[in-house]
2 protein chains.
Amino acid sequence: MDRIDHEILRHLTRDGRLTFRELGEAVHLSANAVAERFRRLQESGTIRHIRAVLDPQAMGRSLEAQIEIKLSAQTSALEFENALRHMPQVMEAALMTGSFDYAIRVACENSHELMQVTEALRKHPGVSDTYTRLVLREIELSGMV
Amino acid sequence: MDRIDHEILRHLTRDGRLTFRELGEAVHLSANAVAERFRRLQESGTIRHIRAVLDPQAMGRSLEAQIEIKLSAQTSALEFENALRHMPQVMEAALMTGSFDYAIRVACENSHELMQVTEALRKHPGVSDTYTRLVLREIELSGMV
DNA sequence: TTTGAAATTGGGGTTCC
DNA sequence: GGAACCCCAATTTCAAA
């Protein structure tokens with residue numbers, strides 16, 4: 001992970017479809033050399049994945065929220081996380097410190113669907129409490145690199 | 001936005017570097033037709049961007065946290081958001097409902113850097129309160145489509 | 001450097017306002 | 001007529017050995 005790898009990552013976090021030739025021009029290296037670095041960065045897991053990020057509104061999901069979830073003790077975290085994976089509204093999820101256990105981000109069509117999501121969560125065996133807040137606006141950032 | 005667009009998006013949210021030919025095979029269309037749909041999806045903003053997602057740990061950031069931030073009234077949100085943009089540890093930020101105003105996600109090298117980040121935030125004119133929780137583990141999900 | 005694969009461009013066709 | 005689709009073929013560009 002030298003300066004050049006860093007530079008390659010910086011470009012790919014802005015446009016993940018850049019060709020090796022374009023990347024090569026940016027870092028003054030041959031397309032071949034860049035492809036090799038790219039492969040290594042992927043295999044080492046430094047690049048987790050390259051994905052399209054969609055506009056939730058364009059997908060008909062105009063309401064985003066963060067839901068905090070508390071599990072009762074003795075509850076299977078694995079089972080709960082699998083349930084999350086089957087809810088298409090769930091965009092992100094993380095296990096956190098604090099009085100709740102999970103914080104998840106959901107994108108819903110409308111308030112009715114959000115209510116259905118929270119109800120589905122609260123019905124899940126093991127969920128003892130939830131706390132929902134709406135996302136009013138997302139702030140665009142440059143990110144890690 | 002028909003079924004085919006939907007299918008294309010589904011594939012691209014899993015692998016954003018799929019070639020048009022591969023996508024074409026998946027949806028039984030020519031590479032050309034797929035490229036055209038791709039262009040339209042980008043121009044309409046449905047595809048916000050395609051970017052590499054990096055492993056924070058590989059980037060030397062092994063400590064993630066969510067920080068809630070309350071601004072005092074009469075504070076310029078714009079100015080505060082610009083300050084966020086200049087902090088490389090800040091990965092995500094959103095304006096939220098609830099007793100805090102912003103929820104941000106940060107990725108730090110260690111607890112010392114996290115402390116520096118929270119101190120920098122608390123020194124910002126207008127920030128009246130913060131509340132920090134650590135991310136213990138992120139859960140992998142499939143996402144919107 | 002070379003070779004097969006992929007993207008791009010231009011031409012042409014269809015369908016539906 | 002024009003817009004939104006699609007395909008094919010030729011050319012240029014790219015990826016990988």
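In what follows, chains carry the letters A, B, and so on, assigned in the order in which the sequence lines appear, proteins first and then strands, with residues in each chain numbered from 1.
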* Which one, D:dA15, C:dT8, D:dC6, comes nearest to the side chain of B:Arg40? -> D:dC6
* Asked: To the nearest angstrom, how far is B:Leu41 atom CG from D:dC5 atom P?
  -> 10 Å
* **Candidate pair A:Glu68 and A:Arg133, rule salt bridge (charged side-chain N to carboxylate O under 4.0 Å, His left out), full reasoning** => CA-CA 9 Å; A:Glu68 319 263 355; A:Arg133 282 176 295 165; 2.9 Å; yes
* Asked: Is A:Arg10 salt-bridged to A:Glu7, cutoff N-O under 4.0 Å?
  -> yes
* Return the value, rounded to whole Å, for the distance between atom CD of B:Glu36 and atom C1' of D:dC6. => 10 Å
* Separation of C:dA7 P from A:Glu22 CD (nearest whole Å) -> 13 Å
* To do: Figure out the CD1/C1' separation between B:Ile4 and D:dA4, and round it to whole Å.
  => 13 Å
* For A:Ala35, which contact category applies under a 4.0 Å heavy-atom criterion: base, sugar-phosphate, or nothing? -> nothing
* Integer-rounded Å distance: D:dC7 P and B:His28 NE2 -> 12 Å
* Asked: Under 4.0 Å between a side-chain N or O of B:Arg37 and OP1 or OP2 of D:dC6?
  -> yes
* **N/O (side chain, B:Ser30) to phosphate O (OP1/OP2, D:dC7) under 4.0 Å** => yes
* Whole-Å distance between C:dA7 P and A:Leu18 CG? -> 15 Å
* Asked: Does NZ or CZ of B:Arg17 fall inside the cone over A:Phe20's six-membered ring, less than 6.0 Å from its centre and within 45° of the axis?
  -> yes
* Asked: Side chain of A:Thr19: nearest nucleotide among D:dA15, C:dA7, D:dC6?
  -> D:dA15
* To do: Mind calculating the distance between CE (B:Met1) and C1' (D:dA4) to the nearest angstrom?
  => 16 Å
* To do: Measure the distance from CG on B:Leu23 to C1' on C:dA6 and round it to the nearest whole Å.
  => 12 Å
* To do: Could you check which of D:dT13, D:dC5, C:dA7 has an atom nearest any side-chain atom of B:Arg21?
  => C:dA7
* Closest to side chain of A:Arg17, choosing from C:dA7, D:dC7, D:dA15 -> C:dA7
* **Side chain of B:Leu29 (C-beta onward), nearest among D:dT13, D:dC6, D:dC8** => D:dC6
* Asked: Does the side chain of B:Met87 reach to within under 4.5 Å of the side chain of B:Val117, using non-hydrogen atoms?
  -> yes
* Could you tell me whether A:Arg39 and A:Glu36 make a salt bridge, using a distance below 4.0 angstrom between a side-chain N and a carboxylate O? => yes
* To do: Could you please name the option among C:dT8, D:dC14, C:dA7 that lies closest to any side-chain atom of B:Asn32?
  => C:dT8
